[in-house]
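Here the structure is a predicted model, which is why all the values come from computation and not from measurement. Note that the numbering runs from 1 along the sequence shown for the chain.
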Amino acid sequence: MTAGGGGAYCIKDPQATSAAGGGSAAGGTAPRQSLTDDKLVPNTTKGNLADPSSSTPKKKPIEWGPVQLEAIAICRQSPKSKKWECNGALDNQIIVDEPTLESALARQHCKGGTWAAGGPNLKGQQWEAYRCGHTLGAGDYDVAKRYGLVVARRSYICPKNQLGDGRCSTPYDGQDKR
């Protein structure tokens, strides 16, 4: 509904005016009053009153693959050049050219490897064994098997059908039996 000039106008609600103390605001309108006195009213629509535990999705149990042994690398430092070489899951390094043990281990996908007793003696030189902290991946060499090493190796378990190269670092503690 429009008044003579084409502009809109408001109609005062007598209940709202009296609830606000009988006065009106300077513009001729009463202060706004909520029908519920600004109290929160619970939502009573269907579906929102369901048991809260049923709204939480059920966590699907993880399907585990086979238990796997840890990847091992063996390394040695050249007495002449003081550079390093490692044989590991990726390859047998044939050139002694790594400046540090850490870089030689990283080259074999064994970054942060920890020393393990039981390194072999190859061609009259003592090599040191290092545990890599993850399983062997697809196509990786098992250095311990290749050289017949008796090294303390941790066991790991990977989720079945995981994406990637097959390496994982979940220590095995019987979680597939639970």
Considering all heavy atoms, the nearest R153-A144 contact = NH1-CB, 3.4 Å

key: Lys/Arg N to Asp/Glu carboxylate O, E128 vs R76, below 4.0 Å   = no

message = Could you check whether any side-chain N or O of Q126 sits under 3.5 Å from a backbone N or O of G119, counting only pairs where one atom can act as donor and the other as acceptor?
response = yes

request  = Give the cluster check for Y172 versus W64: same hydrophobic cluster or not, with ILVMFWY residues linked at side-chain heavy-atom distances below 4.5 Å.
outcome  = yes

query = Are we looking at SG atoms under 2.5 Å apart for C110 and C86?
reply = no

key: Gap separating the OG atom of S103 from the CG atom of D97, nearest 0.5 angstrom   = 8.5 Å

query = Any luck finding a side-chain donor-acceptor pair between Y147 and N87 under 3.5 Å?
reply = yes

message = Return the CD to CD1 distance between Q175 and I62, rounded to the nearest 0.5 Å.
response = 8.5 Å

query = A129 and V151: which non-hydrogen atoms are nearest, and at how many Å?
reply = CB-CG2, 4.3 Å

query = Do W84 and W115 belong together in a cluster built from hydrophobic side chains that touch within less than 4.5 Å?
reply = yes

remark   = dist H109:NE2 -> D165:CG (nearest 0.5 Å) comes out at 6.0 Å

request  = Drop me the distance from I74's CD1 to L105's CG, to the nearest 0.5 angstrom.
outcome  = 11.5 Å

query = Looking at side-chain heavy atoms only, is the closest gap between N92 and R146 below 4.5 Å?
reply = yes

Minimal non-hydrogen separation, E85 against Q93, with atom names = OE1-O, 3.0 Å

query = Are W127 and L101 linked, directly or through other ILVMFWY residues, by side chains that come within less than 4.5 angstrom of each other?
reply = no

note = Smallest heavy-atom separation, A152 atom then R131 atom, equals O-CD, 3.1 Å

Residue pair R178 / D173, side-chain heavy-atom distance below 4.5 Å = yes

Distance in Å, K145 NZ paired with L136 CG, rounded so as to fall on 0.5 Å steps = 10.0 Å

task = Scan E70, R167, Q68 and name whichever one has a side chain to side chain donor-acceptor pair (under 3.5 Å) with Y156.
result = E70

ask   = Closest approach of C168 and Q162, non-hydrogen atoms and distance?
value = CB-NE2, 4.0 Å

ask   = Charged N to carboxylate O below 4.0 Å: is that the case for E98 and K83?
value = no

key: Salt-bridge criterion met for D176 and K160 (N-O under 4.0 Å)   = no

message = Tell me whether Y141 at atom OH has more than 12 heavy atoms from other residues, nucleotides or ligands lying less than 6.0 Å away.
response = no

L69 with V67, same ILVMFWY side-chain cluster at under 4.5 Å = no

inquiry  = Return the CZ to SG distance between R154 and C132, rounded to the nearest 0.5 Å.
reply    = 9.5 Å

